[in-house]
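Encoded as structure tokens, the structure appears first; notes follow it.
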Amino acid sequence: MKTVTMSQRFYYQELEKNVRECVRQDIETYASMLHKAYRMLYDIYFYNAPKPQNMCKDLKQQYHTSDYLPLSAINEARGILKSTIECNKRQQLSSLKRIQRVEKEMKKITTKINLIQEHLSVYIEISKQHKTTELDYLMEIEEKANLKSLMHQKSMLCFRLHRERFHLKGLKKRVKQVCFGGRKRMKKQFAMCKQHEEWKKEFQQARMNRMVIPRLTSRKVWE
């Protein structure tokens, strides 16, 4: 049996020029409201900034729009902030697991190093008594090589442990803000200093190339 499907999707290039301009302005306005709403929510949550009486009303007055765009921007900004906080918690848990794993490996290596050092001290005492055999000499050389390898592994694990602890400290200190447009693209401005206008156009397009208008499901979303 044949089925007929219909889509309400429309393409930007197929619209008329004046309609395309209106859509572009709406997208830029929405993106600007989203960035401002996210910044306000971030400051309220982490820096105890004064909470506005009605954020939707403030955005509506500033951008001269209806309630629909500000409410959608605030809703998406809250979702982004919530996901950022959840991502930070997951990163902290994974960092703690890595620290525990490194500490466990260091404990094993330290035990092996102590055992080898005990063996070497015995070989040294035997050599002082001039009772060293060829087998003892070969075993002492092998133990020294193993000790050198284990010491190198321990130093590398110490470096890794300090790095993980520093990373965990940074995660606990604050939650990173979302960079709309991407951090890599943001840093490209220093590599493209001679083509700054090209970078600016690319970055702004990445920051303002989308628009999410969720359907209202509950009044609690906007309160």
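What you see is a predicted model; the values in this text were computed from it and never measured. Reckoned from all heavy atoms, side chains included, excluding hydrogens, waters and symmetry mates. One is the number of the first residue; the rest follow in order along the sequence.
Classification of E16 and R20 as a salt-bridged pair fails, no side-chain N sitting under 4.0 Å from a carboxylate O. Using a 4.0 Å cut-off between charged nitrogen and carboxylate oxygen, E86 and K82 do not count as a salt-bridge pair. The pair E198-K201 does not meet the salt-bridge criterion, since no charged nitrogen lies less than 4.0 angstrom from a carboxylate oxygen.
The environment of Q25 atom CD is dense: over 12 non-hydrogen atoms of other residues, nucleotides or ligands sit within 6.0 angstrom.
Sorted pairs that involve residues 110-128 and meet salt bridge (charged side-chain N to carboxylate O under 4.0 Å, His left out), not counting sequence neighbours, are lacking altogether. For residues 30-44, the pairs satisfying salt bridge (charged side-chain N to carboxylate O under 4.0 Å, His left out) are R39-D43, with sequence neighbours left out. The salt bridge (charged side-chain N to carboxylate O under 4.0 Å, His left out) analysis of residues 142-160, with sequence neighbours excluded, yields the pairs E140-K144.
Grouping the Ile, Leu, Val, Met, Phe, Trp and Tyr side chains by contacts below 4.5 angstrom, directly or via other members, places L171 apart from I85. There is a path of hydrophobic side-chain contacts, each under 4.5 Å, that joins M106 to M151. At a threshold of 4.5 Å between side-chain heavy atoms, the hydrophobic network of Ile, Leu, Val, Met, Phe, Trp and Tyr places L115 and L150 in two separate groups. F166 and V175 fall into different hydrophobic clusters, defined by Ile, Leu, Val, Met, Phe, Trp and Tyr side-chain heavy atoms under 4.5 Å apart, directly or through other members. Hydrophobic clustering places L81 together with Y47 (ILVMFWY residues linked when any side-chain heavy atoms are closer than 4.5 Å, directly or through intermediates).
In this structure, the side chain to side chain donor-acceptor pair (under 3.5 Å) partners of E103, at least two apart in sequence or on a different chain, are R165. Under the side-chain contact (heavy atoms from CB on, under 4.5 Å) criterion, Q117 pairs with I113, N114, L147, sequence neighbours left out. Not counting sequence neighbours, Y45 has no partner by the side chain to side chain donor-acceptor pair (under 3.5 Å) test. F159 pairs by the side-chain contact (heavy atoms from CB on, under 4.5 Å) definition with R163, not counting sequence neighbours. F46 pairs by the ring-ring contact (aromatic ring centres under 6.0 Å, His included) definition with Y42, not counting sequence neighbours. Legend: residues meeting side chain to side chain donor-acceptor pair (under 3.5 Å) with D58, ordered by chain and number and at least two apart, are absent. Residues meeting the salt bridge (charged side-chain N to carboxylate O under 4.0 Å, His left out) test with K60, sequence neighbours left out: D67. Legend: residues meeting ring-ring contact (aromatic ring centres under 6.0 Å, His included) with Y38, ordered by chain and number and at least two apart, are F180. Contacts of T133 classified as side chain to side chain donor-acceptor pair (under 3.5 Å), with partners at least two apart in sequence or in another chain: D136.
Atom OG of residue S121 and atom CD1 of residue I126 lie 9.5 Å apart, to the nearest 0.5 angstrom. Interatomic distance, NZ of K184 versus NZ of K187, reported as 9.5 Å (0.5 Å rounding). Taken to the nearest 0.5 Å, the NE2 atom of H64 stands 8.5 Å off from the CD atom of Q62. For the atom pair NE2 of H35 and SG of C179, the computed distance is 9.0 Å after rounding to the nearest 0.5 Å. A distance of 12.0 Å separates CG of L161 from CZ of R101, quoted to the nearest 0.5 Å.
Listed here is the closest heavy atom pair of L59 and P70: CB-CB, 4.0 Å. Looking at every heavy atom in both residues, L34 comes nearest to A73 through CD1-O, 3.6 Å. When all heavy atoms of S95 and L168 are compared, the closest pair comes out as OG-CB, 3.6 Å. Shown here for L41 and A77, the closest heavy-atom pair between the two residues is CD1-CB, 3.8 Å. Taking both residues in full, the closest heavy atoms of N88 and Q92 are given as OD1-NE2, 2.7 Å, listed atom of the first, atom of the second, then distance. The minimum heavy-atom distance between I109 and L157, with the atom names listed, is CD1-CD1, 3.4 Å.
Of the residues listed (R98, Q100, K97), the one engaging E164 in a side chain to side chain donor-acceptor pair (under 3.5 Å) is R98, and it is the only one.
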side-chain hydrogen bond (donor to acceptor under 3.5 Å, both in side chains) assessment of E76 paired with Y30: CA-CA 11 Å; E76 186 179 358; Y30 176 82; 2.5 Å; yes
K108/E105 under salt bridge (Lys or Arg N to Asp or Glu O under 4.0 Å): CA gap, chis, key distance, verdict: CA-CA 5 Å; K108 290 181 181 179; E105 292 177 5; over 6 Å; no
Stepwise side chain to side chain contact (heavy atoms under 4.5 Å, CB included) check, R24 with E28: CA-CA 6 Å; R24 186 185 63 81; E28 291 181 356; 2.7 Å; yes
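Checking S32 against Y63 by side-chain atom types alone, a donor-acceptor pair falls below 3.5 Å.
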